[in-house]
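These values consider heavy atoms only, across backbone and side chains, with no hydrogens, waters or symmetry-generated copies.
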Amino acid sequence: MEIELDRQAMPEGVNQMTVFDSRGAIMAERLFFICPKPDKSDSIQVTAITKRLKPCGKVEMELKTRPNANLSFSAIDAKTMTNGKQGNMKTWMLLSSEVRGYIRNVDYYFEADDKEHRQNADLLMLTQGWRRYDWRLMSEKYTFRKAQPIEDQFYLNGQLKAYRKHNPVSNVRMYVSLYNEKGQSLIGNAVTDAEGNYAFKMPFLDGEWKMCIYTTRDIKKKDKEKEKRKTYYVGIDRQFSPNPRYLTPSETTILHPLAPNAFVKKPFEELEEEDEFIPITEKDHVLQNVTVKAKRRYFTNDNWRWKNEAYGKQYATIYYNADRELDNILDRGEPVPRTIDFIRDKLNAELDKYGLEEHKISGRGIAMVVDNNDGGGYSEWLNYVKSIYIVFNEMMSPTLGKWDIIDSPIHNIIVYLYTHRLFSTESRKGLRRTYFQGFNQASTFRTEDYSVIPPMADFRRTIWWQPDITTDAQGKAKVEFFNNSTCEEMYISVEGMTPDGKVLVNE
């Protein structure tokens, strides 16, 4: 069977063709890429109003593109750029988002629409393309299981399990309280169903909130119904992040630095005379005398080892945030492991991944150092550990995503453990302490206003970043910012989108 399709009538980017019968069974499926046609109206024109950069001087630029477009603007000091750039908003929206793996040079597929580029794009679709829509579900051949509630607002949901048998428990009353650094607080209660599931409706929140979950069981004593706190494994359904993976050599390759595209100095260009600006790092400056009126108190019990994690991570190959790992374990409704068991299982899982089961590690090969002191056979529970740094000897080290192992047995794995100074995660009966993450609070790009303060030594690499520029009815917008103290050439990047979904970039 042969089907001919008109490429000119198809939308730009990745397209999917699926052939299925009346019962919904898929007979054939194909992905193919349509290279976008270059159009001047899809580009963003950047014009520098300021003719020459001055140390800490004001910079004015004008942007010209389609009307009412939303743009993101960034200006980088060209001298500080050590790595290049691959792709932009257009390549991501039209190609990269539809591909499983890493594309070594995504810009190549947008260069031309000739035979060679089409063939290479087809090979990419055949090897790395993925299917966003499953027609077996859309034709009701398979049923769709809704794993999460409809996200019309925030929800806190999960499952409660018994402390020893790990079976779901029903009819347990739960109380939750939340508070943040601003002094705001929330409280609520719920009862688990027959399968141990629970759910709390939450308002929309900003930032991170401390959260305490209490679990109680009703008991009858002297014909009076009372509540008694009881410990359960409080699982929270919030672990959606993909599993970490090693980066391939292609993904870690250093690209050639980008050439400046704004305020580029021409050879033998004569510059106007101006007052010389000398930063504080290149000239001696006399500071005013300071009289010390008080000294910082020094507490002898404030041991330096508590704050010197840099000593442990100086040679570390692997790092674990014990608080985050503990939260992940408790969210799954699992018991808290001993620290040495946690480390051994983590390392052995990595060895299994690469088919090195014969090199599995036992607890004997792990040397513990607790707070920079020799901890010997430290085996406390993970509750008391703040961070973990693992250092391998020369026989074993993860390199380029693989484990290089000599035939000798693995030994002398040094683990630096840093414990909590204040045991903030110490559990009480029927209580779990954790956090609830709301919306991230919006932050603005920080820069000095040199129209108010005098010039100073300023070494910002990113001179300016503004992600929310909107063009007017004529498609114009103006950007104003202050230079740092050393930048003479810049690299300008502008990307955005029109109200109807057209991607815009500055080429």
Side-chain angles (χ1 to χ4, degrees), residues 38 40 42-66 69-96 103-111 250-269 271 277 279 443-450 455-471 475-497 503-507:
K40 291 184 179 181
D42 295 340
S43 62
I44 304 171
Q45 181 182 353
V46 182
T47 305
I49 301 176
T50 303
K51 300 303 179 184
R52 182 192 166 200
L53 292 178
K54 298 180 181 180
C56 303
K58 191 173 184 178
V59 182
E60 295 180 310
M61 310 195 86
E62 185 180 73
L63 311 180
K64 181 70 170 67
T65 184
R66 296 196 181 193
N70 188 262
L71 308 176
S72 175
F73 175 94
S74 66
I76 306 171
D77 189 345
K79 286 186 177 180
T80 63
M81 296 188 68
T82 57
N83 201 357
K85 170 188 172 185
Q86 279 191 357
N88 49 40
M89 190 173 180
K90 179 182 291 186
T91 62
W92 169 257
M93 297 288 290
L94 298 182
L95 179 57
S96 299
I103 305 177
R104 185 176 181 85
N105 183 11
V106 67
D107 296 311
Y108 168 82
Y109 301 96
F110 291 77
E111 289 178 353
S250 299
E251 293 174 271
T252 58
T253 301
I254 300 297
L255 306 176
H256 293 292
L258 294 171
N261 57 11
F263 306 103
V264 181
K265 298 173 65 176
K266 299 177 182 179
F268 309 107
E269 181 181 7
L271 302 179
F277 168 72
S443 58
T444 57
F445 183 79
R446 295 186 58 185
T447 182
E448 303 294 347
D449 186 356
Y450 291 117
M456 63 177 66
D458 183 353
F459 304 107
R460 281 172 292 138
R461 299 178 63 185
T462 300
I463 308 298
W464 183 250
W465 176 63
Q466 189 171 346
D468 55 353
I469 302 173
T470 303
T471 58
K476 295 182 179 181
K478 191 176 182 180
V479 181
E480 297 180 353
F481 55 93
F482 287 93
N483 189 21
N484 66 11
S485 60
T486 59
C487 178
E488 297 178 347
E489 298 178 330
M490 288 184 182
Y491 179 80
I492 305 296
S493 176
V494 192
E495 301 178 2
M497 184 175 289
V503 179
L504 308 172
V505 295
N506 70 311
E507 299 292 350

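For the pair L94/V503, no side-chain contact is recorded, criterion being any heavy-atom separation below 4.5 Å from C-beta on. When side chains are defined from C-beta on, Y491 does not count as touching S74, because their heavy atoms never get closer than 4.5 Å. Using a 4.5 Å heavy-atom cutoff, the side chains of Y109 and L95 are in contact. By the 4.5 Å heavy-atom criterion applied to side chains, E495 and V505 are counted as neighbours.
Scanning all heavy atoms of the two residues, the minimum distance from V106 to S96 falls at CG2-OG, 3.5 Å. Residue M61 comes nearest to V46 through the heavy atom pair CE-CG1, 3.8 Å, listed as atom of the first residue, atom of the second, then distance.
Under a 3.5 Å cut-off, the side chain of E489 and the backbone N or O of K265 do form a donor-acceptor pair. Between the side chain of T471 and the main chain of R66, a donor-acceptor pair closer than 3.5 Å is present. With T91 contributing its side chain and D107 its backbone, the two residues share no donor-acceptor pair below 3.5 Å. Between the D42 side chain and the L504 main chain, no donor and acceptor come within less than 3.5 Å of each other. S485 places a side-chain N or O within 3.5 Å of a backbone atom of D458 that can act as its donor or acceptor partner. The backbone N or O of S43 sits less than 3.5 Å from a side-chain atom of T65, completing a donor-acceptor pair.
Taking the six-membered ring where tryptophan is involved, the planes of Y450 and F482 are perpendicular, since the angle between them exceeds 60° and thus also 30°.
Classification of K478 and E480 as a salt-bridged pair holds, one side-chain N sitting under 4.0 Å from a carboxylate O.
Residue Q45 is tested with K476, K64, E62, K40 for a side-chain contact (heavy atoms from CB on, under 4.5 Å); the sole match is K64. A side-chain contact (heavy atoms from CB on, under 4.5 Å) with N483 is found for one member of K58, E488, M490 and no other, namely M490.
For the atom pair CZ (R460) and CZ (F445), the distance works out to 6.0 Å, reported to the nearest 0.5 Å. Between the CE atom of M456 and the CG atom of N484 there is a distance of 12.5 Å, given to the nearest 0.5 Å. I469 contributes atom CD1, which lies 5.5 Å from atom CG of L63 (distance to the nearest 0.5 angstrom). Atom CD1 of I76 sits about 9.0 Å away from atom CD1 of I463, to the nearest 0.5 Å.
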CA sep, side-chain torsions, deciding dist, call: Q466, F481, side chain to side chain contact (heavy atoms under 4.5 Å, CB included)
CA-CA 10 Å; Q466 189 171 346; F481 55 93; over 6 Å; no
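Residue M89 places its CE atom among more than 12 non-hydrogen atoms of other residues, nucleotides or ligands, all under 6.0 Å distant.
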Return a table of donor-acceptor pairs under 3.5 angstrom between the side chains of residues 253-263 and protein atoms on other chains or two or more places apart.
residue : atom : partner : partner atom : Å
T253    : OG1  : P249    : O            : 2.8
T253    : OG1  : S250    : O            : 3.4
N261    : OD1  : I492    : N            : 2.7
N261    : ND2  : I492    : O            : 3.0

